[in-house]
Number of protein chains: 2
Amino acid sequence: MTRRTRRTSGRVTLDDVARRVGVSKITISRALREPWRVSEGLRQRIHAVIDELGYIPNRQAGALASARSRSIALLVPSLSNAVFSEVIRGVDEGFAGSGYQVLLGHTSYSREEEAHLIDTYLSFGVDGFIISGSQHTDSARQRLSRCGLPICEIMELPESPLDMAVGLDHEAAGHALTGALLELGYRRLGFIGARMDYRARRRLEGWQRALTEAGLSTAACLTTESPSDYRLGGQLLGELLEQYPALEMVCCVNDDLAAGALFECQRRGIRVPDQLGLTGYNGLDITEATTPTLSTVITPRRRIGVAAASRMLSRLEGDQGTEVLQDLGFEIALRESTRPAGG
Amino acid sequence: MTRRTRRTSGRVTLDDVARRVGVSKITISRALREPWRVSEGLRQRIHAVIDELGYIPNRQAGALASARSRSIALLVPSLSNAVFSEVIRGVDEGFAGSGYQVLLGHTSYSREEEAHLIDTYLSFGVDGFIISGSQHTDSARQRLSRCGLPICEIMELPESPLDMAVGLDHEAAGHALTGALLELGYRRLGFIGARMDYRARRRLEGWQRALTEAGLSTAACLTTESPSDYRLGGQLLGELLEQYPALEMVCCVNDDLAAGALFECQRRGIRVPDQLGLTGYNGLDITEATTPTLSTVITPRRRIGVAAASRMLSRLEGDQGTEVLQDLGFEIALRESTRPAGG
DNA sequence: GTGAAAGCGCTAACAG
DNA sequence: CTGTTAGCGCTTTCAC
């Protein structure tokens with residue numbers, strides 16, 4: 001008995017509360033998790049003592065004992081992209097009041113970083129994953145499918161989903177937008193894109209398909225792997241116009257680029273939409289604020305988050321669920337940056 | 001012995017690895033945490049088995065046993081505000097390679113939500129807190145000061161910091177910006193603000209002090225508690241101009257509002273800066289992209305994150321640290337939305 | 001350089 | 001409605 005007692009965190013534990021109340025610690029535990037199984041009066045005394053002592057449960061111990069952490073991981077490519085902040089808000093909303101904690105991770109658009117984060121959150125013992133996109137490293141796919149946790153891939157509709165998926169068809173959206181522009185009478189269309197991830201490439205493919213179907217050229221297309229930002233939009237627009245000065249419309253792979261392109265037009269004195277039409281993609285706030293407002297494709301970002309959370313919750317509560325893929329669609333918003341119909 | 005064995009997670013544990021290698025589990029644990037204490041050959045065999053079995057350490061168990069989780073909480077008001085995405089990036093950078101995991105939480109600008117998140121992360125056993133701002137509920141202040149963890153308040157310079165703080169003086173920044181505008185010859189200045197949190201109010205106070213010192217009116221001031229966005233910038237500008245049509249300058253409490261105000265000017269045909277000057281605050285990307293570019297105060301957002309992380313790390317590694325307050329300053333950027341000097 | 005034993009704080013399982 | 005016991009997977013402490 002010379003063994004020194006192990007240094008403890010000094011924090012108030014369930015045992016401290018139990019001793020103070022004069023019951024066993026499991027009763028305290030139950031009062032917190034299954035209050036209906038503890039008598040009214042005792043429950044009140046327990047809560048009084050909890051407040052008095054400032055007891056905060058240790059979730060690590062709880063998770064270790066119960067093999068569930070009541071937390072889920074949400075992995076997005078970027079936190080600076082407004083698209084994902086709305087997805088996050090949706091997921092938060094969806095989990096509000098459920099008792100689940102959302103652990104947020106951002107992959108910086110890197111599959112390797114994603115794989116690393118998956119391991120990290122696995123080691124945190126999360127009960128499920130909500131992950132942007134369907135493009136993972138092989139080892140990440142293995143880890144995910146072997147861990148047996150519910151997984152929801154969001155934003156797009158994967159060909160071979162790991163488990164569940166909620167998103168939209170970006171190729172169809174690109175195609176539909178381009179189709180709408182052709183109907184407005186545009187014939188010489190260009191495309192600029194940055195950070196050409198899978199979803200961005202799908203939009204471009206939709207644009208190409210629509211033009212090809214109409215017998216038009218898809219040559220005026222300029223893309224880069226650099227991260228997207230306003231200034232890049234202006235720069236790409238400038239480069240594209242240099243090569244193709246006769247363009248009457250430039251489709252931008254996202255709203256940031258479109259806004260940047262618009263600012264560049266203002267700088268150069270190019271009148272939008274009279275001399276040049278412009279479209280974005282996503283329907284961020286800025287598209288409704290600029291002068292002129294920007295035509296775009298509105299994607300259901302927040303709803304994707306909410307739906308992912310709610311499907312995750314059902315799975316966590318035992319439902320086996322039905323559909324694998326959930327398509328939330330998109331909406332074409334033609335505004336001031338494209339010529340009016342019949343114009 | 002009829003007692004059923006407890007259902008385990010089914011995951012590979014340290015014990016599984018140990019059995020396979022033929023050593024005790026503590027050796028595996030050491031090979032991972034203190035590799036230099038395990039012989040070279042054994043270490044290699046261990047790592048081979050870890051890869052083979054796909055072992056992922058259980059951080060909860062580790063944290064429980066060691067009373068440190070190697071994670072810290074980063075609490076920001078908002079994820080959709082670009083200001084904080086750069087702070088987050090800075091913090092991430094600062095912790096990169098340290099072995100610490102950053103757990104991100106957003107309070108939606110609510111002290112109650114903040115207090116709740118503090119409890120949540122405390123129950124996750126984080127080793128420290130980095131928190132935006134100095135305005136907390138009483139109970140949150142108590143919890144934070146009693147938990148004995150290192151705490152870094154960021155963005156501003158609190159009067160009575162909980163522990164450490166890294167930020168800048170927003171009142172001084174507001175004052176300096178306004179002073180610079182007075183030097184450019186502006187005399188009739190207005191102010192619009194949204195989401196008037198503590199930092200926003202400090203900027204306004206700086207603006208007021210500068211005008212008062214110059215004997216000018218501070219009446220043309222319009223603020224709201226609503227969240228800030230582009231459209232609100234336009235709306236507030238409109239309302240302010242209705243009341244004060246002779247204004248020659250409108251200072252916006254942040255860049256979003258300033259951009260929105262600029263778009264509104266374009267819509268109304270008000271030439272910026274010829275007829276009206278405009279300034280923002282923070283120095284977000286958009287301020288360099290619009291036409292005209294926006295004058296603003298550049299705040300060292302990313303550097304604040306990096307500094308907070310690095311101070312947190314020193315504390316976690318035992319340094320008691322020296323300075324409490326760290327002032328990272330600001331930079332006035334006069335660009336195209338204000339008249340040129342001497343103009 | 002490696003190991004055995006004990007225990008972190010909690011909950012599952014069974015008992016009354 | 002409340003309690004007892006065992007153990008989650010890991011690290012600490014002490015021992016060799």
Side-chain angles (χ1 to χ4, degrees), chain A residues 1-19 21-46 50 53 55-71 99 122-125 127, chain B residues 1-19 21-46 50 53 55-71 99 122-125 127:
Chain A
M1 284 302 150
T2 63
R3 184 185 278 273
R4 249 168 286 153
T5 174
R6 198 158 174 183
R7 133 182 72 88
T8 160
S9 61
R11 266 176 46 184
V12 180
T13 73
L14 213 47
D15 239 348
D16 298 328
V17 179
R19 254 193 302 271
V21 178
V23 294
S24 83
K25 62 181 181 179
I26 187 68
T27 303
I28 312 293
S29 173
R30 279 204 273 257
L32 259 24
R33 292 176 303 121
E34 308 168 299
W36 57 90
R37 307 189 63 203
V38 173
S39 65
E40 175 67 26
L42 184 52
R43 207 161 66 215
Q44 293 190 355
R45 261 200 306 140
I46 289 175
I50 285 177
L53 300 184
Y55 169 68
I56 295 178
N58 182 330
R59 283 180 84 132
Q60 294 160 335
L64 188 57
S66 67
R68 50 201 319 245
S69 63
R70 295 203 156 271
S71 67
L122 238 22
S123 92
F124 268 94
D127 296 334
Chain B
M1 284 300 148
T2 62
R3 185 183 278 270
R4 250 167 285 153
T5 173
R6 200 159 171 180
R7 135 179 70 89
T8 159
S9 61
R11 267 174 48 184
V12 179
T13 73
L14 214 46
D15 238 347
D16 297 328
V17 179
R19 254 192 302 270
V21 177
V23 294
S24 84
K25 62 182 180 178
I26 185 63
T27 303
I28 312 294
S29 174
R30 277 204 273 257
L32 257 24
R33 291 175 305 122
E34 308 167 299
W36 58 90
R37 308 190 66 204
V38 173
S39 63
E40 175 67 24
L42 185 53
R43 207 161 66 216
Q44 293 190 355
R45 258 196 312 137
I46 289 175
I50 285 177
L53 299 184
Y55 170 67
I56 295 178
N58 182 329
R59 283 180 84 128
Q60 294 160 334
L64 187 57
S66 67
R68 49 200 322 246
S69 64
R70 295 202 156 271
S71 67
L122 237 22
S123 95
F124 268 95
D127 296 336

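Just so you know, these numbers use all the heavy atoms, side chains as well, and skip hydrogens, waters and symmetry mates. Within every chain, numbering begins at 1; the chains are lettered A, B, ... in the order of the sequence lines, protein sequences first and strands thereafter. Everything quoted here is computed from the prediction, not taken from an experiment.
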For this session: Sequence neighbours left out, what passes side-chain hydrogen bond (donor to acceptor under 3.5 Å, both in side chains) with B/Arg68? Give chain and number order.
Result: B/Tyr100

For this session: Measure from the side chain of A/Val38, starting at C-beta and using heavy atoms only, and say which of C/dT11, D/dT2, D/dT11 lies closest.
Result: D/dT2

For this session: Check whether any side-chain N or O of B/Arg59 sits under 4.0 Å from OP1 or OP2 of C/dC8, and answer yes or no.
Result: no

Exercise. How close or far is atom C1' of C/dG7 from atom CZ of A/Arg11, stated in whole angstroms?
Worked result: 17 Å

Problem set entry | Qualifying residues under side-chain hydrogen bond (donor to acceptor under 3.5 Å, both in side chains), relative to A/Arg45, sequence neighbours excluded | none

For this session: Check whether any side-chain N or O of B/Ser39 sits under 4.0 Å from OP1 or OP2 of C/dT2, and answer yes or no.
Result: yes

For this session: To the nearest Å, give me how far apart CD (A/Gln60) and C1' (C/dG7) are.
Result: 15 Å

Exercise. Within the structure, does a side-chain N or O atom of B/Arg33 lie under 4.0 Å from either OP1 or OP2 of D/dT11?
Worked result: yes

For this session: Using the test salt bridge (Lys or Arg N to Asp or Glu O under 4.0 Å), find all partners of B/Asp15 that sit at least two apart in sequence or belong to another chain.
Result: none

Exercise. Taking atom C1' of D/dG9 as reference, at what distance in whole Å does atom CZ of A/Arg68 sit?
Worked result: 19 Å

For this session: May I have all residue pairs that pass salt bridge (charged side-chain N to carboxylate O under 4.0 Å, His left out) and include part of residues 35-44 of chain B, sequence neighbours excluded?
Result: B/Glu34-B/Arg37, B/Glu40-B/Arg43

Exercise. Any side-chain N or O of B/Arg70 less than 4.0 Å from the OP1 or OP2 oxygen of D/dC10?
Worked result: no

Seminar exercise, completed: Rounded to whole Å, CD1 of A/Ile56 lies from C1' of C/dG9 at a distance of 14 Å

Exercise. Expressed in angstrom and rounded to an integer, what is the separation of B/Arg37 atom CZ from D/dC14 atom C1'?
Worked result: 12 Å

Exercise. Rounded to the Å, how far apart are A/Leu64 CG and C/dG7 P?
Worked result: 17 Å

For this session: Report the distance from atom CG of A/Leu64 to atom CG of B/Leu64, rounding to the nearest 0.5 Å.
Result: 6.0 Å

For this session: For DNA chain C, determine which residues of residues 21-32 of chain A have any heavy atom closer than 4.0 angstrom to one of its atoms, and list them numerically.
Result: A/Lys25, A/Ile26, A/Ser29

Problem set entry | Distance, rounded to the nearest Å, where B/Trp36 contributes CH2 and C/dG1 contributes P | 12 Å

Exercise. Taking atom C1' of C/dT2 as reference, at what distance in whole Å does atom CD1 of B/Ile46 sit?
Worked result: 10 Å

When the side chains of residues 24-32 of chain A are checked against the rest of the protein, which donor-acceptor pairs come out under 3.5 Å, sequence neighbours left out?
from: A/Ser29; atom 1: OG; to: A/Arg33; atom 2: NE; distance (Å): 3.1
from: A/Ser29; atom 1: OG; to: A/Arg33; atom 2: NH2; distance (Å): 3.0

For this session: Would you indicate whether the side-chain heavy atoms of A/Asn58 and A/Thr13 approach each other to under 4.5 Å?
Result: no

